[in-house]
Amino acid sequence: IMDGNGRWATQRNKPRTAGHKAGVSALRTTIEACATYGVDVLTVFAFSSENWRRPDQEVSMLMELFLLTLKNQAKRLHKNNIRLKIIGEKTKFSESLQSKMQEVEQLTSDNTGLLLIIAANYGGQWDIEQACLQMMSYASKENVSLSDLKVDDFLSTAGIPEPDLFIRTGGEHRISNFLLWQLAYSELYFTDTLWPDFDKDALDLAMTHYSSRQRRFGQTGEQL
Ligand code: FPP
């Protein structure tokens, strides 16, 4: 969760939008580092279902920034063998943004390196709800029993492994309706670093923390 863009800007007497621009640059650094480290999947929360409540001017700036960034970075993503997937209720976005999203997803669909998932107009509760609805309609259409189906297979992350490590910048200790179902066994890491200041060293620190954790998935330490 890339939190703290607004505060980063305010600390510098800049408009909040300057924080989001700096946030894009921090995101590029993190994507590059993850690709170099051989991380399989990186999921970032770019815009939550609740972010529409922000001032109109900030929302429209964020939309412009998404579009511009997708336009500017598509080739670079593709050249670096990165596959892009967008999760969330995309129909709320403008036609031009939706078609750009689809275009870049299509362009990079056969890439085999890092899978970059951008959660946009995403909410964890929405994801679980839409999965249940899809599951019910699938069950009745295919005439199979609901109990033979798995929620995981209908989430927007179907087929993608659950996150090992969750990182939230900006000092808040909350999940904020991010990947609720998928984070069940993830290691949670919170840092006060504001997102625009999050760099390779900050990522290394989070990974060092992760590597010191013992993941038991319900078993005892002795069993492992
Ligand atoms: C949270 O900081 C950040 C956001 C709501 C937007 C995140 C978006 C980016 C980093 C740009 C990503 C771009 C692409 C193309 C995916 P905040 O505004 O809540 O900060 P605050 O808590 O300090 O106010």
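First listed ligand is number 1; within each ligand, the first listed atom is number 1.
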*Asks:* Could you find the nearest protein heavy atom to atom 8 (C) of ligand 1 and give me its residue, atom name and distance?
*Replies:* Ala46 O, 3.7 Å

*Asks:* Quick one: look up the protein heavy atom nearest atom 22 (O) of ligand 1 and list residue, atom name and how far away it is.
*Replies:* Asp3 OD1, 2.9 Å

*Asks:* Minimum heavy-atom separation for Ser176 to Phe45, with atom names?
*Replies:* O-CE2, 3.6 Å

*Asks:* Of the protein's non-hydrogen atoms, which lies at the shortest distance from atom 11 (C) of ligand 1, and what is that distance?
*Replies:* Val24 CG2, 3.7 Å

*Asks:* Taking atom NZ as the centre, does Lys150 end up with more than 12 heavy-atom neighbours from other residues, nucleotides or ligands that are less than 6.0 angstrom away?
*Replies:* no

*Asks:* For atom 10 (C) of ligand 1, grab the closest protein heavy atom and report residue, atom and distance to one decimal in Å.
*Replies:* Asn5 ND2, 3.4 Å

*Asks:* Can Gly4 be said to touch ligand 1, with heavy atoms closer than 4.0 Å?
*Replies:* yes

*Asks:* Is it the case that over 12 heavy atoms from other parts of the model lie below 6.0 angstrom from the CD atom of Gln219?
*Replies:* yes

*Asks:* With a 4.0 Å heavy-atom cut-off (strictly under), which part of Leu27 contacts ligand 1: side chain, backbone, both or neither?
*Replies:* side chain

*Asks:* Between Trp8 and ligand 1, does any nitrogen or oxygen pair lie at a separation below 3.5 Å?
*Replies:* no

*Asks:* Record the part of Arg54 in heavy-atom contact with ligand 1 below 4.0 Å; permitted values are side chain, backbone, both and neither.
*Replies:* side chain

*Asks:* Distance to 0.1 Å, residue and atom name: give those for the protein heavy atom nearest to atom 3 (C) of ligand 1.
*Replies:* Met2 O, 3.2 Å

*Asks:* Looking only at N/O atoms, are Gly6 and ligand 1 under 3.5 Å apart anywhere?
*Replies:* yes

*Asks:* Does ligand 1 have any atom sitting under 4.0 Å from a heavy atom of Glu172?
*Replies:* no

*Asks:* Which one of Gln57, Glu58, Glu50 satisfies the side chain to side chain donor-acceptor pair (under 3.5 Å) criterion with Arg54?
*Replies:* Glu58

*Asks:* Quick one: do Leu115 and Met207 end up in the same hydrophobic cluster if we chain Ile, Leu, Val, Met, Phe, Trp and Tyr together by side-chain heavy atoms under 4.5 Å apart?
*Replies:* no

*Asks:* Heavy-atom contacts with Arg7 under 4.0 Å: which atoms of ligand 1 show up? List them by number with element.
*Replies:* 21 (P), 22 (O), 23 (O)

*Asks:* Please state which protein non-hydrogen atom is closest to atom 14 (C) of ligand 1 and give its distance, to 0.1 Å?
*Replies:* Phe66 CD2, 3.7 Å

*Asks:* Are any of the side-chain nitrogens in Glu103 or Lys100 under 4.0 Å away from the carboxylate oxygens of its partner?
*Replies:* yes

*Asks:* If we ignore angles and hydrogens, is there a donor and acceptor under 3.5 Å between the side chains of Gln102 and Gln98?
*Replies:* no

*Asks:* Which heavy atom of Ile82 sits nearest to which heavy atom of Leu116, and what is that distance?
*Replies:* CG2-CB, 3.9 Å

*Asks:* Would you say that Leu65 contacts Lys21 through its side chain, given a criterion of any heavy-atom pair below 4.5 Å between the two side chains?
*Replies:* yes

*Asks:* Without hydrogens or angle criteria, can the side chains of Lys90 and Tyr122 be said to hold a donor-acceptor pair below 3.5 Å?
*Replies:* no

*Asks:* Considering only heavy atoms, does Asn51 approach ligand 1 within less than 4.0 Å through its side chain, its backbone, both, or neither?
*Replies:* side chain

*Asks:* How does Thr69 reach ligand 1, if at all, at less than 4.0 Å between non-hydrogen atoms: by side chain, backbone, both, or neither?
*Replies:* side chain

